[in-house]
Amino acid sequence: MKLSPLNRRRFERFKANRRGWWSLWLFVILFGLSLGAELIANDKPLVVRYDGEFYFPAFKRYPETTFGGEFPLEANYKSPYIRDLLEKKQSWVVWAPIPFSYQSINYDLKVPAPAPPSAQNWLGTDDQGRDVLARVIYGFRISVLFALTLTVLSSIIGVIAGALQGFYGGWVDLAGQRFLEVWSGLPVLYLLIILASFVQPNFWWLLGIMLLFSWMSLVDVVRAEFLRGRNLEYVRAARALGMQNAAIMYRHILPNAMVSTMTFLPFILTGAIGTLTALDFLGFGLPPGAPSLGELVAQGKSNLQAPWLGISAFAVLALMLSLLVFIGESARDAFDPRK
């Protein structure tokens with residue numbers, strides 16, 4: 001896709017900011033690796049060659065009977081019994097670099113959980129014997145996916161609401177502003193906790209509850225752009241030529257409003273990650289057992305004798321949020337009309 005001269009200059013300004021540019025690449029690499037978390041951290045083999053055929057336990061369940069066992073239950077590939085069955089057929093197994101998933105428990109610990117970092121568990125285990133590194137990888141993925149989904153949906157709603165208020169003005173703008181004043185004055189975190197306590201929290205419930213409040217962050221910015229843009233000469237000319245209001249908003253005013261909107265997106269992303277982490281820390285977030293950075297922070301608080309828990313959670317959150325802030329600062333400078 002060929003960029004316009006204006007967008008090419010914006011891209012060059014963004015690229016010239018080395019901190020933001022390398023932060024973007026590092027974040028994309030980390031997020032890309034987390035999307036393949038099942039290939040990096042898994043308690044099931046990636047590939048098993050048995051009796052001349054290939055099996056993929058990481059993506060499909062196979063009963064013990066597939067490998068010569070006695071019970072039609074899912075095979076436990078770490079048990080000595082299954083290993084002996086595989087060795088009899090001269091089979092070979094390919095494991096993930098981290099042979100633990102986020103919910104698998106290490107029953108071979110030599111010390112009580114939480115166990116310190118070792119060659120088997122690189123970042124140690126939590127108080128339930130689960131591998132911290134595996135939970136960090138899966139938790140990073142679910143946090144970014146949650147924040148990205150929330151950012152996209154809240155941006156769509158916020159842009160539409162701000163565009164309608166700014167373009168039509170009058171009673172539409174007045175009613176919208178009064179509603180925003182009341183809605184934004186509500187104690188968001190307390191309401192999230194109250195609403196989350198009524199239902200069994202999961203990914204989509206939390207997303208819907210947080211979407212009730214997160215869409216307001218872009219309304220004022222888009223509204224201001226539409227209030228300014230609706231009185232410009234080319235917009236008046238388009239209206240005089242009989243163009244529909246929807247077409248004027250979409251084709252003539254929205255592209256200018258998106259400039260300021262784009263600069264806010266990374267900061268909305270960081271806010272969503274912070275809110276999800278806070279809810280998980282308080283116990284009102286993702287379901288118990290889900291890979292959660294906030295739950296890891298809570299474990300670090302409850303197990304002060306295991307500093308690797310708090311340090312791991314802090315390092316991941318600090319790195320993730322810092323990268324997003326650096327990307328947001330670079331995007332803000334790139335889209336700054338004064339430059």
Side-chain angles (χ1 to χ4, degrees), residues 1-17 20 24 147-186 188 210-272 275 324-339:
M1 184 178 64
K2 187 176 180 180
L3 297 176
S4 65
L6 177 60
N7 288 329
R8 192 180 301 113
R9 289 198 299 271
R10 289 170 178 166
F11 177 75
E12 293 298 331
R13 282 202 299 268
F14 182 87
K15 190 176 179 180
N17 190 323
L24 176 62
L148 285 174
T149 306
L150 181 64
T151 300
V152 171
L153 294 178
S154 60
S155 298
I156 293 174
I157 298 175
V159 167
I160 293 176
L164 293 176
Q165 285 185 231
F167 185 81
Y168 289 104
W171 66 268
V172 174
D173 187 29
L174 184 63
Q177 286 300 103
R178 300 294 81 77
F179 175 78
L180 285 174
E181 289 174 0
V182 175
W183 198 247
S184 61
L186 298 176
V188 177
M210 291 179 62
L211 186 60
L212 293 175
F213 304 97
S214 61
W215 61 271
M216 295 181 292
S217 55
L218 288 177
V219 173
D220 291 337
V221 177
V222 178
R223 170 179 171 269
E225 291 293 335
F226 271 77
L227 281 172
R228 181 180 64 85
R230 68 175 184 171
N231 295 319
L232 297 177
E233 294 297 330
Y234 66 90
V235 174
R236 292 182 177 181
R239 186 182 291 111
L241 292 173
M243 182 176 288
Q244 298 293 326
N245 288 336
I248 295 174
M249 295 168 63
Y250 180 76
R251 295 180 58 183
H252 296 295
I253 307 180
L254 183 61
N256 294 329
M258 290 303 296
V259 172
S260 56
T261 301
M262 290 294 296
T263 62
F264 274 83
L265 294 185
F267 302 103
I268 298 175
L269 199 62
T270 58
T275 305
L324 290 173
V325 169
F326 293 154
I327 295 170
E329 291 177 348
S330 299
R332 181 188 59 194
D333 294 339
F335 284 91
D336 191 347
R338 294 173 297 179
K339 298 182 179 180

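When a residue number appears, it is its place in the shown sequence, counting from 1. Note: hydrogens, waters and symmetry copies are ignored here, and every other heavy atom, side chains too, is used.
- Counting only heavy atoms from C-beta outward, the side chains of L164 and M249 approach each other to under 4.5 Å.
- In this structure, CG on L153 lies 12.0 Å from CE on M210, to the nearest 0.5 angstrom.
- Proximity of a side-chain donor or acceptor of R230 to a complementary backbone N or O of F167 within less than 3.5 Å is detected.
- The shortest non-hydrogen separation linking I268 to S217 is CD1-OG, 3.5 Å.
- Other residues, nucleotides and ligands contribute over 12 non-hydrogen atoms within 6.0 Å of the CD atom of E181.
- Ring geometry for W215 versus F179: interplanar angle under 30°, hence parallel rather than tilted (30 to 60°).
- In this view, F14 satisfies the ring pair (Phe, Tyr, Trp, His ring centres under 6.0 Å) rule with no residue, not counting sequence neighbours.
- To the nearest 0.5 Å, atoms CD1 (I157) and CG (L211) are separated by 4.0 Å.
- Considering every non-hydrogen atom in both V159 and V222, the closest pair reads O-CG1, 3.6 Å.
- Distance CD1/I160 to CD/Q165: 12.5 Å, rounded to 0.5 Å.
- Proximity of L254 to F226: side-chain heavy atoms (C-beta onward) are separated by under 4.5 Å at one or more points.
- S155 is listed as a side-chain neighbour of L265, based on a closest heavy-atom distance under 4.5 Å.
- G166 and L227 get closest at one heavy-atom pair: O-CD2, 3.4 Å.
- Annotation: side chain of I327 is not in contact with side chain of L269 (no heavy-atom distance under 4.5 Å).
- Nearest approach of L212 to W183, heavy atoms of both residues: O-NE1, 2.7 Å.
- Other residues, nucleotides and ligands contribute over 12 non-hydrogen atoms within 6.0 Å of the OH atom of Y234.
- Rounding to the nearest 0.5 Å gives a distance of 13.5 Å between OG of S154 and CZ of F213.
- Annotation: side-chain hydrogen bond (donor to acceptor under 3.5 Å, both in side chains) contacts of E12 (sequence neighbours excluded): none.
- Taking all atoms of both residues into account, the shortest heavy-atom contact from L150 to A272 is CD2-CB, 3.6 Å.
- Contact record, L180 with M216: CD2-CG, 3.7 Å, taken as the closest heavy-atom pair.
- The 12-atom threshold is not exceeded at CZ of R251, counting heavy atoms of other residues, nucleotides or ligands nearer than 6.0 Å.
- Each of V172, V182, D220 was evaluated against Q177; a single residue qualifies, D220, per the side-chain contact (heavy atoms from CB on, under 4.5 Å) test.
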